[in-house]
Amino acid sequence: MIMNKRLKKVLYSGIVFSFIAHFFGIINVIKNYDNIAVKNGYGASLIYGRWFLKFLADFNWKLLDSWNLQFFNNIIALGILTIAAYLFIIIFDIKKNKYIVLSTGLFLTFPTVTSMIFFPYISIYYSISILFIFLGVFLNKKYKLGWILTIVFTTLSLGIYQANFSIMVSLNLLILIQQILKNNYSFQKNIKLITKCIIILLLSILVYFIILKTTLFFSGEKLLNYDGLDLTSALSFSNILRLIKRTYKEVLFLPFNNVYGLSPSLLLSICIYGIIFFDIILFIKLLSNTNILRNKIISILIFITFPISIDLPVVMVSGTRIYTLMVYSFIFIFIIPIVFLNEINDVKNFMICISNKIVCLLLILSIYGYSYFSNVNYTAMYYTTMQTQNYLNQIVLQIKMQKGFNEKMRWVFVGNIRDQLIFNPWADGCIYGGNLSQYYNEYSRVGWIEHYLGYYPPVSYLDDYKKYNGIEIIKNMPLYPNDGSIKIIGNFVVVKFSDI
């Protein structure tokens with residue numbers, strides 16, 4: 001009965017928070033550089049180490065053609081994240097209504113979710129990856145041999161999106177602290193718990209790589225390093241130390257540096273600063289509940305590794321770009337005080353009562369702030385989508401109006417657009433990873449023309465043009481949008497955006 005009540009609260013809360021934060025983003029067809037390029041499909045998978053993504057998406061393709069649907073796909077993705085929030089609540093046995101609602105709100109409004117919705121053709125799979133992490137840990141706590149299923153689901157999660165491994169590590173650290181301080185285990189029991197946790201994590205990675213290597217071998221494909229979405233980078237010891245230092249800097253100074261778009265305003269900076277403060281204060285209070293010194297020492301050692309686990313993608317993908325989609329594990333900064341307050345549960349302690357009220361207020365304001373900036377991002381992307389459509393429409397019209405133009409001519413776009421009159425008034429807003437201030441020069445330029453203008457230009461590269469014509473004419477052409485920047489040369493219509 002308790003489970004049913006909690007589930008209802010999570011579902012109702014999930015609907016409300018999804019509506020407030022993401023309704024605009026899922027009912028409007030808004031595009032980015034990747035989204036516009038995928039009509040149906042799932043982008044790259046196996047070559048970036050995402051072998052289970054390929055399996056799931058291929059299976060979905062056979063069933064439903066795997067269409068890129070802004071509303072339907074994202075509704076399903078939000079529903080899956082709501083289930084993940086429920087599993088989190090069950091794992092830590094959170095019963096108080098306010099903690100249930102706040103946890104659900106954080107799971108659904110965190111910036112990573114907004115960044116995920118930018119990519120509706122793949123949002124369902126990314127949310128499944130997150131769900132598998134919590135499902136695996138839930139099964140481990142519920143069943144004696146559940147650790148086997150934990151390895152299975154963690155491996156599958158990594159096979160969809162490797163960056164989510166940081167969620168698994170952070171979740172296990174939080175569980176270890178809870179169990180060690182709550183149950184006053186013996187030293188041997190604590191070591192056994194920690195060892196089991198490490199073995200599960202290592203075996204998950206090992207199985208992931210075995211399946212990856214096997215799949216690559218039989219498919220004949222090779223891994224590519226794209227924005228660090230593989231775990232194959234070799235690191236020296238000095239680099240590891242440097243990256244660990246970076247994780248502490250990014251986590252502890254998050255309120256002062258808008259890392260990954262997580263602290264875009266003064267309100268959220270204050271909230272994050274306060275929440276980190278209470279993470280530490282409540283941990284100290286939780287330590288005081290046990291008189292066993294060795295348990296305190298072990299818990300402290302685990303607690304101080306949280307910045308590494310939360311920002312683990314920095315270590316996993318050294319030298320590559322980390323962006324909002326990859327850092328869902330930063331949500332643990334916000335849910336740690338919920339778990340600690342749920343464990344302390346000392347209603348007569350004045351400090352705990354005050355801490356409880358302040359933490360709840362900070363979390364409410366954080367959810368409000370993240371919901372607000374989700375809508376800022378969706379609105380910005382909406383206008384950028386319209387600007388891209390209108391600008392490219394002008395180019396197509398000007399091409400078709402050229403004297404002597406015919407539909408059999410090859411189109412050549414030279415360089416990137418450098419129009420000094422281009423202006424996006426929304427470019428100054430908080431832009432999450434996956435959202436840009438312009439899309440004119442992205443690889444998917446032709447995709448915009450195809451989808452929004454219903455026109456399929458026979459585009460050629462400059463090298464193709466050089467086979468039939470000299471390059472001097474193009475060199476002497478002015479840059480677009482100046483007069484003479486579009487010219488018909490032989491069987492080619494050339495648009496010069498920048499100098500060669």
Side-chain angles (χ1 to χ4, degrees), residues 1-14 17 81-108 130-147 149-150 153-154 167-185 189-190 192-194 196-197 200 275 278-279 282-283 285-290 292 295 298-299 302-303 306 309 329 331-349 352-353 355-357 359-360 363 367:
M1 185 63 67
I2 293 177
M3 181 178 292
N4 290 335
K5 287 182 178 180
R6 283 191 286 190
L7 179 58
K8 288 180 181 179
K9 292 181 179 72
V10 171
L11 292 177
Y12 293 151
S13 302
F17 287 120
L81 289 178
T82 302
I83 298 172
Y86 174 69
L87 290 175
F88 163 78
I89 287 164
I90 296 301
I91 288 169
F92 291 100
D93 195 26
I94 296 172
K95 295 187 176 70
K96 290 188 177 180
N97 292 340
K98 56 186 176 184
Y99 297 154
I100 293 173
V101 172
L102 289 172
S103 299
T104 307
L106 289 167
F107 266 72
L108 291 169
I130 294 171
L131 174 65
F132 279 178
I133 295 291
F134 288 93
L135 178 59
V137 172
F138 166 75
L139 293 173
N140 186 35
K141 288 199 70 174
K142 189 172 180 64
Y143 301 106
K144 185 176 182 180
L145 296 178
W147 61 272
L149 293 175
T150 303
F153 281 109
T154 304
I167 303 173
M168 177 62 176
V169 178
S170 301
L171 183 58
N172 275 275
L173 292 182
L174 191 54
I175 290 173
L176 284 175
I177 290 176
Q178 180 203 39
Q179 291 184 341
I180 290 171
L181 293 180
K182 180 179 181 179
N183 298 310
N184 288 326
Y185 288 141
K189 177 70 171 178
N190 289 334
K192 184 178 178 180
L193 278 175
I194 296 170
K196 180 182 177 181
C197 175
I200 289 173
I275 290 167
F278 280 103
D279 285 346
L282 292 172
F283 174 69
K285 172 59 180 174
L286 204 58
L287 283 176
S288 67
N289 288 353
T290 180
I292 304 176
N295 286 6
I298 294 173
S299 298
I302 294 172
F303 185 75
F306 262 115
S309 69
S329 49
I331 197 174
F332 280 88
I333 292 175
F334 299 85
I335 60 179
I336 283 174
I338 293 177
V339 173
F340 286 172
L341 284 169
N342 186 67
E343 290 300 318
I344 296 171
N345 197 27
D346 187 355
V347 294
K348 296 181 180 180
N349 187 301
I352 297 302
C353 290
S355 299
N356 185 17
K357 295 181 185 299
V359 166
C360 287
L363 293 177
I367 292 170

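Nothing here was measured: the structure is a model prediction, and the numbers come from that model.
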Leu171 and Phe134: CA distance, side-chain angles, deciding distance, side-chain contact (heavy atoms from CB on, under 4.5 Å) verdict: CA-CA 8 Å; Leu171 183 58; Phe134 288 93; 3.7 Å; yes
CG-OG distance between Leu341 and Ser355, expressed to the nearest 0.5 angstrom: 7.0 Å
For Tyr86 against Arg6, the heavy-atom pair lying closest together: CE1-C, 4.1 Å
Which residues share a side chain to side chain contact (heavy atoms under 4.5 Å, CB included) with Val339, sequence neighbours left out: Phe88, Phe92, Leu174
Which residues share a side-chain hydrogen bond (donor to acceptor under 3.5 Å, both in side chains) with Ser13, sequence neighbours left out: none
Any Ile90 side-chain heavy atom under 4.5 Å of Lys141 side chain: no
Side chain proximity check, Ile302 to Ile180, heavy atoms < 4.5 angstrom: yes
Flag, side chain of Asn172 to backbone of Met168, donor-acceptor distance under 3.5 Å: yes
Leu286 side chain reached by Ile344 side chain, heavy atoms, under 4.5 Å: yes
Shortest non-hydrogen contact between Lys285 and Asn349, atoms and distance: NZ-ND2, 3.5 Å
Shortest non-hydrogen contact from Ile333 toward Ile275: O-CG2, 3.1 Å
Ion pair Lys182/Asp93, N-O distance below 4.0 Å: no
NZ-SG distance between Lys96 and Cys360, expressed to the nearest 0.5 angstrom: 8.5 Å
4.5 Å side-chain heavy-atom contact, Leu87 and Leu135: yes
Distance, nearest 0.5 Å, that separates OH of Tyr143 from CZ of Phe138: 6.5 Å
Heavy-atom donor-acceptor pair, Ser329 side chain to Ile167 backbone, under 3.5 Å: no
For Asn190, side-chain hydrogen bond (donor to acceptor under 3.5 Å, both in side chains) partners two or more places apart: Asn295
Spacing of Ile175 atom CD1 and Cys197 atom SG [to the nearest 0.5 Å]: 8.0 Å
Distance (rounded to the nearest 0.5 Å) between Leu139 CG and Leu149 CG: 5.5 Å
Derivation and outcome, side-chain contact (heavy atoms from CB on, under 4.5 Å), residues Glu343 and Leu282: CA-CA 10 Å; Glu343 290 300 318; Leu282 292 172; over 6 Å; no
Thr82: side-chain hydrogen bond (donor to acceptor under 3.5 Å, both in side chains) partners, not counting sequence neighbours: none
Partner residues of Phe332 under the ring-ring contact (aromatic ring centres under 6.0 Å, His included) criterion, sequence neighbours left out: none
Report all side-chain donor-acceptor pairs from residues 97-108 shorter than 3.5 Å, counting only partners two or more places apart or in another chain.
from: Asn97; atom 1: OD1; to: Lys9; atom 2: NZ; distance (Å): 3.4
from: Tyr99; atom 1: OH; to: Asn356; atom 2: OD1; distance (Å): 2.8
from: Ser103; atom 1: OG; to: Tyr99; atom 2: O; distance (Å): 2.7
from: Thr104; atom 1: OG1; to: Ile100; atom 2: O; distance (Å): 2.8

Derivation and outcome, side-chain contact (heavy atoms from CB on, under 4.5 Å), residues Ile194 and Ile298: CA-CA 10 Å; Ile194 296 170; Ile298 294 173; 3.6 Å; yes
Aromatic ring pairing Phe283/Phe303, orientation class (parallel under 30°, perpendicular over 60°, tilted between): parallel
Option passing side-chain contact (heavy atoms from CB on, under 4.5 Å) with Asp279 (candidates Ile335, Ile336, Val359): Ile336
Polar side-chain atom of Ser309 near backbone of Phe306 as donor-acceptor pair, under 3.5 Å: yes
Evaluation steps, side-chain contact (heavy atoms from CB on, under 4.5 Å), between Asn289 and Leu181: CA-CA 7 Å; Asn289 288 353; Leu181 293 180; over 6 Å; no
